[in-house]
Amino acid sequence: MWVENIDPYEHELLVLVGMEDKKALFRFLKKIHALPKFAEWLLKDFDSFVKDLREKNKGQFCWSDTAPGHMLMLRPYQCTWDYWETLIHELHHVVQKVASLKVFLEEKEAQAYLQEHLFHSIRRKLQGIEKIT
């Protein structure tokens, strides 16, 4: 679990990998001083996010129109093509949302660079998890 900075767009993305412990999430949100509305929304809907991830989704990008903040939730890390394809898929949603918020929907090259940057950064962190386990 970490916060991924989306530079240069001054945006952050909470990344959860294999996270199903609501208490651990609460402690992390407190530690990073998450905005109260974001933490409230996330904790309120967390059980349904976990259920969706277990039952039907391989990953999911979540946001609320009323709470500032975004979350990328992935199943426990596995170094497989299926996992990387899921990450690429979900990052597309992240990029589209950021492009909409930061008004660069028509800038396809900027979106491609952002997706490449996020994939590289998140992949490196996931591969770091692999080395720990």
Side-chain angles (χ1 to χ4, degrees):
M1 168 172 32
W2 71 88
V3 175
E4 186 69 35
N5 290 316
I6 303 177
D7 293 328
Y9 301 105
E10 297 177 355
H11 214 73
E12 294 179 334
L13 175 68
L14 177 62
V15 180
L16 305 179
V17 179
M19 169 57 70
E20 295 190 3
D21 184 346
K22 193 184 232 181
K23 289 178 183 177
L25 175 60
F26 175 77
R27 287 189 302 273
F28 184 76
L29 292 170
K30 194 172 178 179
K31 176 183 170 187
I32 64 169
H33 306 286
L35 294 172
K37 276 186 129 182
F38 176 68
E40 217 173 272
W41 160 71
L42 196 53
L43 292 167
K44 180 178 74 69
D45 291 346
F46 185 71
D47 293 331
S48 70
F49 295 147
V50 169
K51 183 177 185 230
D52 286 349
L53 204 58
R54 270 196 218 135
E55 295 177 3
K56 59 183 177 183
N57 298 329
K58 296 175 185 177
Q60 54 195 356
F61 169 60
C62 307
W63 75 92
S64 167
D65 291 326
T66 60
H70 301 90
M71 176 193 61
L72 172 63
M73 194 171 199
L74 300 165
R75 288 183 178 173
Y77 173 69
Q78 298 175 337
C79 188
T80 64
W81 275 108
D82 188 53
Y83 198 88
W84 299 128
E85 290 164 354
T86 298
L87 177 59
I88 292 271
H89 175 97
E90 296 307 327
L91 287 177
H92 177 77
H93 296 302
V94 172
V95 168
Q96 289 298 298
K97 185 67 174 172
V98 171
S100 174
L101 291 170
K102 299 299 182 177
V103 195
F104 66 98
L105 279 171
E106 300 303 317
E107 301 294 333
K108 301 301 181 199
E109 198 65 16
Q111 292 175 37
Y113 277 117
L114 179 57
Q115 184 157 340
E116 178 184 348
H117 167 76
L118 289 172
F119 178 76
H120 179 84
S121 179
I122 292 171
R123 180 178 60 95
R124 289 287 183 217
K125 289 176 179 117
L126 288 168
Q127 288 174 320
I129 290 171
E130 179 179 44
K131 291 175 184 169
I132 293 169
T133 57

Distance-minimising heavy-atom pair for [X] and [Y]:
| X | Y | answer |
| --- | --- | --- |
| F104 | A110 | CD1-CB, 4.0 Å |
| D21 | R27 | OD2-NH2, 4.5 Å |
| L35 | P68 | CD1-CG, 3.5 Å |
| K37 | A67 | O-CB, 3.5 Å |
| L43 | K22 | O-CE, 2.9 Å |
| R75 | K56 | NH2-C, 4.4 Å |

Would you kindly confirm whether [X] and [Y] end up in one hydrophobic cluster when ILVMFWY residues are joined by side chain heavy atoms under 4.5 Å apart?
| X | Y | value |
| --- | --- | --- |
| F61 | L74 | yes |
| L87 | L114 | yes |
| L101 | I6 | no |
| F119 | V95 | yes |
| M1 | L13 | no |

When you compare the side chain of [Y] with that of [X], does any pair of heavy atoms fall below 4.5 Å?
| X | Y | answer |
| --- | --- | --- |
| V94 | W63 | no |
| Q111 | Q96 | yes |
| W84 | L126 | yes |
| M71 | F49 | yes |
| L91 | L72 | yes |

Side-chain (E4) to main-chain (L118) donor-acceptor, under 3.5 angstrom | no
Passes side-chain contact (heavy atoms from CB on, under 4.5 Å), M73 versus F46? Steps please.
-> CA-CA 10 Å; M73 194 171 199; F46 185 71; 3.6 Å; yes
Rounded distance (nearest 0.5 Å) linking atom [atom1] of [X] with atom [atom2] of [Y]:
| X | Y | atom1 | atom2 | answer |
| --- | --- | --- | --- | --- |
| I88 | H92 | CD1 | NE2 | 11.0 Å |
| Q115 | H93 | CD | NE2 | 10.0 Å |
| Y113 | K108 | OH | NZ | 16.0 Å |
| Q60 | L16 | CD | CG | 9.5 Å |
| I122 | W2 | CD1 | CH2 | 6.0 Å |
| S48 | L53 | OG | CG | 11.0 Å |

Report the C-alpha distance between H117 and H120 in whole Å, list the side-chain angles of each, state the deciding distance to 0.1 Å, and finish with yes or no for side-chain contact (heavy atoms from CB on, under 4.5 Å).
-> CA-CA 5 Å; H117 167 76; H120 179 84; 5.9 Å; no
Assess whether side-chain contact (heavy atoms from CB on, under 4.5 Å) is satisfied between E85 and T80, documenting all intermediate values.
-> CA-CA 9 Å; E85 290 164 354; T80 64; over 6 Å; no
Does the distance from a Lys or Arg side-chain N to an Asp or Glu carboxylate O, for D65 and K97, drop under 4.0 Å?
-> yes
Classify the angle between the aromatic ring planes of W41 and F38 as parallel (below 30°), tilted (30 to 60°) or perpendicular (above 60°).
-> tilted
Which class fits the ring pair H11 and H70: parallel under 30°, tilted 30 to 60°, perpendicular over 60°?
-> tilted
